[in-house]
Q: 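One structure, as structure tokens, below. Some questions next.
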2 protein chains.
Amino acid sequence: MPITLEEIAKLSGVSRSTVSRVVNGHKRVREETRKKVQSVIDELNFQPNIAARSLAAGKTGIMGLVIPAGVSALFSDPYFPQLIQGISSACNKRDYSMMLWVDEPNYRLRTIRQLLYSGLLDGVIISSMLMDDPIIKSLYERHMPFVLIGRHTELNVNYIDVNNQAAANKATSFLIDCGYSRIATITGPINMIAGYDRYQGYCTALDQHGLALNDSLIAEGDFTEVGGYNTMKQLIPHNPDSVFIANDTMAMGALRALHEAGLRVPDDIGVIGFDDSPIASLTTPPLTTMRQSPYDMGFKAVNTLIEIINNQGRSPQQIVLESELVIRESCQRKEFAKEAI
Amino acid sequence: MPITLEEIAKLSGVSRSTVSRVVNGHKRVREETRKKVQSVIDELNFQPNIAARSLAAGKTGIMGLVIPAGVSALFSDPYFPQLIQGISSACNKRDYSMMLWVDEPNYRLRTIRQLLYSGLLDGVIISSMLMDDPIIKSLYERHMPFVLIGRHTELNVNYIDVNNQAAANKATSFLIDCGYSRIATITGPINMIAGYDRYQGYCTALDQHGLALNDSLIAEGDFTEVGGYNTMKQLIPHNPDSVFIANDTMAMGALRALHEAGLRVPDDIGVIGFDDSPIASLTTPPLTTMRQSPYDMGFKAVNTLIEIINNQGRSPQQIVLESELVIRESCQRKEFAKEAI
DNA sequence: TTTCATTGTGGGAGCGCTCTCATACATTCT
DNA sequence: AGAATGTATGAGAGCGCTCCCACAATGAAA
């Protein structure tokens, strides 16, 4: 049987209103009274009923997180666990709670309804959806406070992203600096913004260095290990001397394919990944990659969302994080090692 | 501005009560009335306010999921993503929603309070905590409906687990059947029930086959890749001819250590893992392992929890799933291949 | 016809909280 | 001293829903 405000009030000899003030840290309470009430609260482990509070105040202290189920990378890539960890950590710090929806296509309508109309959520964080995801449009139209993980092309909305184009450009340029010139790429799904942007960065880097795009050296992957493996096998016959791969998980698969094909990394072929996921330093050879931090993105997304909730009039804000090149051994040919640094 | 029952009532020319009946699928409504009301509901996309419903009915349709943050394996192991996916999928199917807490020690008190006293949750699923986790005791004492992922030794509570001891026994016995005899093990953390049970299974298998336990061949890991790598390095000087490793992620690390040491798998040393995680078939050589399905565990946990919620008097029920041996190449020495099958 | 279930519908209380407003009291200024 | 200000507290309404009870309408049984 849960305890109510009223009971705390009775036990500490004040009114319900005063207890409410103490719980919510209002100023207009005498220090003496506050202490008395607080001690009763602590003793009984009182926690206000969220439903009642929510009903009365129109706020719940709960935010939603939506991650896609379609992405099979969800299983094998540490991206989402780290993102969730960052969000969860920030929620704890800011005294929010989190509801999680794994967006299965079959239950999409249910998800949207709950996000928008149940009144349970103060705001929503949406992660890495397809570019034209209808959920985003729904949230936008209903004026539900939300922030995207990953930028959005059409709508002027709040988002947090890494500078994928610049980072991919840097990665590709690094391969060129290392002395490679027949540079392939394994992209992510092109209908995901991160996949698209990293591909664009690859293109601009080649262009800036006067290298021509070569369709036979470009192949679309799906962010999974097996995808990386298969796509690499497809690329090998076209004799790339290096390859920029849009995430580390696919890079693992690509390394496996190269190993099987008897190609030595980095001497026969240079490899650079993206993410600096925990496995990047553990591959053979250790993987050079662009570092991003899903944990930080999650953490910042929460703080941004809370700002939005508290100031609904605010104009949308875009946060773009920088990505850092982490040099290991997968694209450092002996003869170029010095110049590249 | 969300829509209320009252507005639906007005628009369809009936009372609030009748609309409520329609929404909740009560019988005592004339078919004609039901249709009329339903059409208004559909048209306006009406979704009942969960807070109000919860306050009035004492049920929320929300369950909590608590996973530990301490386990750094959270980042690199697909176990939790799969578990979450299973839970989420079952929640969708059963029309429940899920709140997620990553249990950070700093915020433990907050977490417990919210789980128990906020009135938000109909029940809780707790995953893979330490054996003596205080959260479990709190839930138990407060009679909060909950189910554990992983068995509990002291309390008679609802749980779902794999038969870790039997599975570890089978794995170890398989190494013996393959002709190995100097069998090492890398255990999980012994203060986690899964770590403990898999270690026990290893011991009983040796015992049943008349092999002596050898302390220098037993080392405790932490379920991470790096942990597996370091622990394997520690074991190599004692010349095991095979090793049972308590999860696949550590097995990956161990394979890396063996590769660096110039030992060939399976000819110099046999390796068997646990989980059949997605990477198991992708290692070199592909990993023989015991298959378990965190997805299924999550899915079943939800169904069990809902039963408990609907029938609080029910006596606790323990579900133990079987684990299946998946034979690949990491412990099949050429000369024994035939006999082992 | 009268009686009694049975079915469909509406009205009202109340879940536990927040928030506005009223009130009691203390303090300062003229 | 009286008025004006400020501070601490209480009372009451109401958030949107469910659930119980009342009651009307229908049909079956006596």
Side-chain angles (χ1 to χ4, degrees), chain A residues 1-38 40-41 44-62 95 97 113-114 116-122 310, chain B residues 1-38 40-41 44-62 97 113-114 116-122:
Chain A
M1 205 49 45
I3 306 146
T4 70
L5 263 195
E6 203 80 48
E7 299 179 57
I8 301 289
K10 203 163 294 169
L11 288 170
S12 41
V14 297
S15 76
R16 183 167 30 86
S17 303
T18 301
V19 178
S20 174
R21 287 188 191 98
V22 172
V23 169
N24 294 291
H26 272 258
K27 37 264 125 222
R28 292 289 162 79
V29 182
R30 202 161 20 121
E31 190 50 32
E32 193 189 343
T33 316
R34 140 166 285 112
K35 273 189 186 145
K36 192 174 53 188
V37 173
Q38 188 63 51
V40 177
I41 289 175
L44 298 190
N45 237 321
F46 168 71
Q47 181 81 1
N49 181 303
I50 296 191
R53 168 179 281 180
S54 151
L55 190 57
K59 294 218 165 195
T60 60
I62 301 173
D95 211 20
S97 302
R113 280 194 163 187
Q114 293 207 329
L116 289 175
Y117 304 112
S118 74
L120 239 191
L121 303 176
D122 289 348
N310 293 333
Chain B
M1 204 52 44
I3 306 147
T4 70
L5 263 195
E6 204 80 47
E7 298 179 58
I8 301 290
K10 203 163 291 168
L11 288 170
S12 41
V14 297
S15 76
R16 182 169 29 86
S17 304
T18 300
V19 179
S20 173
R21 286 188 193 98
V22 172
V23 169
N24 294 292
H26 272 258
K27 37 262 134 221
R28 294 286 166 80
V29 182
R30 198 159 23 119
E31 191 49 33
E32 192 188 343
T33 315
R34 138 167 287 113
K35 272 187 186 146
K36 191 173 53 187
V37 173
Q38 188 62 51
V40 178
I41 289 176
L44 299 189
N45 236 320
F46 168 71
Q47 181 81 0
N49 181 303
I50 296 191
R53 167 178 282 180
S54 151
L55 191 56
K59 294 220 168 195
T60 60
I62 301 173
S97 301
R113 280 194 165 187
Q114 293 205 332
L116 289 176
Y117 304 112
S118 73
L120 240 191
L121 304 176
D122 288 349

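Lettering follows sequence order; numbering is per chain, from 1. Since the model is a prediction, treat every value here as computed from it, not as a measurement. Every heavy atom of this structure was used, including side-chain atoms; hydrogens, water molecules and symmetry mates were not.
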Q: Could you tell me whether the side chain of A/Leu44 reaches within less than 4.5 Å of the side chain of A/Leu11, counting heavy atoms only?
A: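 They are in side-chain contact.
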Q: Which whole-number value in Å describes the distance from B/His26 NE2 to D/dC19 P?
A: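 Whole-Å distance recorded here is 6 Å.
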Q: When you measure from the side chain of B/Ala56, which nucleotide among D/dC19, D/dT9, C/dC15 comes out closest?
A: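 In terms of side-chain proximity for B/Ala56, the closest of D/dC19, D/dT9, C/dC15 is C/dC15.
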Q: With sugar-phosphate meaning primed atoms plus P, OP1 and OP2, does A/Thr33 contact a base, only sugar-phosphate, or nothing at under 4.0 Å between heavy atoms?
A: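 Counting heavy atoms under 4.0 Å across all strands, the contact made by A/Thr33 is with sugar-phosphate only.
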Q: Please tell me if the side chains of B/Leu5 and B/Phe46 come closer than 4.5 Å, counting only heavy atoms from C-beta onward.
A: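 With C-beta onward as the side chain, the pair touches.
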Q: Which of these nucleotides, D/dT18, C/dT18, D/dC20, is closest to any side-chain atom of B/Leu5?
A: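 Among the listed nucleotides, the one closest to the side chain of B/Leu5 is D/dT18.
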Q: Could you check B/Ser17 against A/Pro48 and say which one's nearest nucleotide on DNA chain C is further toward the 5' end?
A: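 Its nucleotide being nearer the 5' end, the pick is B/Ser17.
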Q: Could you state the CD1-P distance from A/Ile50 to C/dC17, rounded to the nearest angstrom?
A: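 Distance check: A/Ile50 CD1 to C/dC17 P gives 11 Å.
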Q: When you measure from the side chain of B/Thr60 to the backbone of B/Ser54, do you find a donor-acceptor pair of N or O atoms at a distance under 3.5 Å?
A: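 Checked: no pair found.
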Q: Without decimals, in angstroms, what is the distance between A/Glu6 CD and C/dC17 P?
A: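 Taking CD of A/Glu6 and P of C/dC17, I get 9 Å after rounding.
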Q: Check every atom of C/dC17, D/dA8, D/dC17 against the side chain of B/Ala52 and return the nucleotide holding the closest atom.
A: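 Taking heavy atoms from C-beta onward, the closest nucleotide is D/dC17.
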Q: Taking only side-chain nitrogens and oxygens of B/Thr4, does any of them come within less than 4.0 Å of OP1 or OP2 of D/dG16?
A: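 Result: no.
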Q: For the side chain to side chain contact (heavy atoms under 4.5 Å, CB included) test, which of B/Thr33, B/Thr4, B/Ile8 pairs with B/Val19?
A: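 Among B/Thr33, B/Thr4, B/Ile8, the one that satisfies the side chain to side chain contact (heavy atoms under 4.5 Å, CB included) with B/Val19 is B/Ile8.
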Q: How do B/Val14 and A/Phe46 order along DNA chain C: which one's closest nucleotide is nearer the 5' end?
A: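 Whichever sits nearer the 5' end wins; that is B/Val14.
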Q: Rounded to whole Å, please give me the gap between CG in B/Leu120 and C1' in C/dC15.
A: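 Going from B/Leu120 (CG) to C/dC15 (C1'), I get 14 Å.
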Q: Just to confirm, is there a sub-4.0 Å distance from OP1 or OP2 of D/dG10 to any side-chain nitrogen or oxygen of A/Thr18?
A: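 Yes.
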Q: Roughly how many Å is it from NZ in A/Lys27 to P in C/dC19, rounded to a whole number?
A: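 Distance check: A/Lys27 NZ to C/dC19 P gives 10 Å.
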Q: Calculate the interatomic distance between B/Arg34 atom CZ and C/dT7 atom C1'; express it in whole Å.
A: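 Between C1' of C/dT7 and CZ of B/Arg34: 14 Å.
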Q: Kindly give the heavy-atom pair with the smallest separation between B/Ala51 and A/Leu55, and that separation in Å.
A: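 Shortest heavy-atom separation between B/Ala51 and A/Leu55 comes out as CB-N, 4.2 Å.
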Q: Taking only side-chain nitrogens and oxygens of A/Arg53, does any of them come within less than 4.0 Å of OP1 or OP2 of C/dT18?
A: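 Yes.
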Q: Of the listed nucleotides (D/dC17, D/dT9, C/dC17), which one gets closest to any side-chain atom of B/Arg16?
A: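 My answer, after comparing the listed nucleotides, is D/dC17.
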Q: Given C/dT9, is OP1 or OP2 found less than 4.0 Å from the side-chain N or O atoms of B/Ser15?
A: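 Looking at the OP1 and OP2 atoms of C/dT9, neither is under 4.0 Å from any side-chain N or O of B/Ser15.
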Q: For C/dC15, does either OP1 or OP2 sit under 4.0 Å from a side-chain N or O belonging to A/Asn49?
A: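 No, because none of the side-chain N or O atoms of A/Asn49 sits under 4.0 Å from OP1 or OP2 of C/dC15.
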Q: From NZ of A/Lys59 over to C1' of C/dC19, roughly how many Å is that when rounded to an integer?
A: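 After rounding, the gap between these two atoms is 14 Å.
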Q: Rounded to whole Å, please give me the gap between CZ in A/Arg30 and P in D/dG10.
A: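 Interatomic distance, CZ of A/Arg30 to P of D/dG10: 10 Å.
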